[in-house]
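First listed ligand is number 1; within each ligand, the first listed atom is number 1. Atom set for the values below is all heavy atoms of this structure, side chains included, hydrogens, waters and symmetry mates excluded.
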Amino acid sequence: MSTTTRSSTDRLHALKAFDDTKAGVKGLVDAGLSAVPAIFHHPPDNTPTHHLTIPIIDLAGLMTPSGRASVVGAVRAAAETLGFFQVLNHGVPEEAMCEMLAAVRRFNEEPAEARAPYYTRDQRRRVRFNSNFDLFQSPAANWRDTLLLEMAPEPPSPEEIPPACRDIVPEYVRLVQRLSRTLLGLLSEALGLHHHRGGYLELEQDTACLQGLNIAGHYYPACPEPHLTLGTTRHSDPSFLTVLLQDAIGGLQVLVEGLDGNKWVDVPAVAGALVVNIGDHLQLMSNDRFNSVEHRVVAKSSGPRLSVACFFGTPGAVASKIVLRPIVTDGEEARYRSTTVEELLREYRAKGLDGTSALHHFRL
Ligand code: OGA
Ligand code: NI
């Protein structure tokens, strides 16, 4: 057996042993681990960090027509460049945000025996707790455990949702869905699309882009050797749009491509704000006008860090029927071939988080 085969067999055993504990990274930390195991080691990333402010957009401006125009302008500018912005006065009350983070924390801090029944990689279950959805595909594991809830269009029954989250999740879903409709309106206007029969023709009616909602409650335990690993490997989101709630710890960074090379820029925790980012589906549909920007989460020696990512997109059940095609204007050329949502998601799942974009595969 060659050395590489031996080491990949060893790695597979280590991954399997870790997965079989069903206790996640939190389980390792609870066991008093003082070094980061090899399966979590990432190659060093020498990309420098850079100070740049992620735009903060106050949606209170939507109350007046002139305010709306300036909000649309700010959304357009952010979507076309960084692909990330933060929103304030977004209609999700601060108590709901705090309770949502607290619920994810409560779940992850239950005894391992209470979490284990939820631990699964079975895509048919609408509630899935695991450490690294791509544990067996990605080149290196992340210092993170996640509770994934597929909340729309078909929510799980209340009994399927862990008791720690049962009360707040449906309420949070309602609030964040309302916000998503506001955001779709702003993004559509920013693209120059027109309101049509209660929706935005090309985006909403053709793609059902807000009908699917997956919520990922992430738990990033404090890490003994944060420089050796990552909370989340760089990636762009396989969604149409993502709305992220993060606690005060920080660690989320976006990749800014510049003439003098790439740089990581912090997305600082802003009290009361939600982070919005453009997903791959919207980048494709906007024919690259909007940017689905790569981002990552660095591991930290402090923690745990909690975040809740709401991924809006076409529901899985219709993904094979919905075709995404770039909306082109003024004789512009399409930069992507048409693809089904299913094909795009399959590409994403097959490779795991490996630092490459699933969109490359569809570029013309
Ligand atoms: C994600 C993500 C960032 C975070 O779930 O796709 O980028 O801060 N999360 O947890
Ligand atoms: Ni992401």
Side-chain angles (χ1 to χ4, degrees), residues 24-26 42 45 54 79 82-87 97 100-101 103-105 107-108 128-135 137-138 141-151 172 176 180 212-223 226 229-256 264-270 273-283 290-300 302-313 344-345 348-349 351-359:
V25 176
K26 173 74 162 54
H42 287 250
D45 176 343
I54 306 289
L82 283 167
F84 269 75
F85 53 96
Q86 309 217 42
V87 287
M97 294 165 62
M100 189 64 219
L101 289 171
V104 173
R105 181 169 189 147
F107 172 77
N108 281 281
R128 306 193 283 278
F129 168 59
N130 59 47
S131 185
N132 292 254
F133 75 93
D134 56 349
L135 188 69
Q137 288 82 38
S138 66
N142 291 160
W143 201 253
R144 179 188 83 247
D145 301 328
T146 302
L147 177 65
L148 186 90
L149 303 144
E150 294 188 1
M151 294 307 298
Y172 192 76
V176 83
S180 73
L213 171 58
N214 288 356
I215 300 190
H218 297 302
Y219 186 90
Y220 299 90
C223 181
T229 188
L230 284 170
T232 306
T233 302
R234 66 188 266 187
H235 68 283
S236 55
D237 288 352
S239 60
F240 182 82
L241 184 72
T242 305
V243 176
L244 179 94
L245 163 61
Q246 63 167 337
D247 69 8
I249 302 246
L252 174 61
Q253 299 181 322
V254 304
L255 192 67
V256 176
W264 288 112
V265 170
D266 287 322
V267 182
V270 172
L274 289 167
V275 179
V276 179
N277 66 284
I278 307 299
D280 287 349
H281 302 181
L282 184 49
Q283 175 170 333
F290 288 174
N291 230 340
S292 173
V293 169
E294 286 188 271
H295 50 285
R296 68 173 186 177
V297 179
V298 296
K300 296 225 168 197
S302 56
R305 172 180 186 266
L306 279 301
S307 71
V308 177
C310 290
F311 302 105
F312 289 95
L344 202 59
L345 292 177
Y348 182 82
R349 278 202 209 98
K351 67 182 192 58
L353 301 187
D354 65 352
T356 67
S357 165
L359 278 185

Look only at the side chain of Trp143 and the backbone of Pro221, and say whether a donor-acceptor pair between them is shorter than 3.5 Å.
->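 Yes; judged by distance alone, with no hydrogens or angles, the pair exists.
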
Under 3.5 Å donor-acceptor, Arg305 side chain and Gly250 backbone |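 Side chain of Arg305 to backbone of Gly250: a pair is present.
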
When you pair each N or O of ligand 1 with protein N or O atoms, which pairs come out under 3.5 Å?
| from | atom 1 | to | atom 2 | distance (Å) |
| --- | --- | --- | --- | --- |
| ligand 1 | 5 (O) | His218 | NE2 | 2.7 |
| ligand 1 | 6 (O) | His235 | NE2 | 3.0 |
| ligand 1 | 6 (O) | Asp237 | OD1 | 3.1 |
| ligand 1 | 7 (O) | His235 | NE2 | 3.2 |
| ligand 1 | 7 (O) | His295 | NE2 | 2.9 |
| ligand 1 | 8 (O) | Arg305 | NH1 | 3.0 |
| ligand 1 | 8 (O) | Arg305 | NH2 | 2.8 |
| ligand 1 | 10 (O) | Tyr220 | OH | 2.7 |
| ligand 1 | 10 (O) | Arg305 | NH1 | 3.4 |
| ligand 1 | 10 (O) | Ser307 | OG | 2.6 |

From CD (Glu150) to CZ (Arg128), nearest 0.5 Å |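 It comes to 4.5 Å.
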
Interatomic spacing from OG1 in Thr242 to NE2 in His295 - rounded to 0.5 Å =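 Those atoms lie 6.5 Å apart.
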
Closest heavy-atom contact between Val275 and Val267?
->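 Shortest heavy-atom separation between Val275 and Val267 comes out as CG2-CG1, 4.0 Å.
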
Apply the test side chain to side chain contact (heavy atoms under 4.5 Å, CB included) to residues Val297 and Tyr220: give CA-CA distance (whole Å), side-chain angles for both, the deciding distance (0.1 Å), then the verdict.
-> CA-CA 9 Å; Val297 179; Tyr220 299 90; 3.5 Å; yes

Pairing residues for Ser307 by the side-chain hydrogen bond (donor to acceptor under 3.5 Å, both in side chains) criterion, not counting sequence neighbours =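 None.
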
Flag the pair Arg296 and Asp45 as a salt bridge only when some basic side-chain nitrogen lies within less than 4.0 angstrom of an acidic carboxylate oxygen.
->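 A salt bridge is present here (some side-chain N lies under 4.0 Å from a carboxylate O).
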
Partner set under side chain to side chain contact (heavy atoms under 4.5 Å, CB included) for Pro238, not counting sequence neighbours =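 If we apply the side chain to side chain contact (heavy atoms under 4.5 Å, CB included) test to Pro238, skipping adjacent residues, the hits are Leu345, Tyr348.
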
Sorted by chain and residue number, which protein N/O/S atoms are under 2.8 Å from the Ni ion (ligand 2)?
->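 Protein N, O or S atoms closer than 2.8 Å to the Ni ion (ligand 2): His235 NE2, Asp237 OD1, His295 NE2.
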
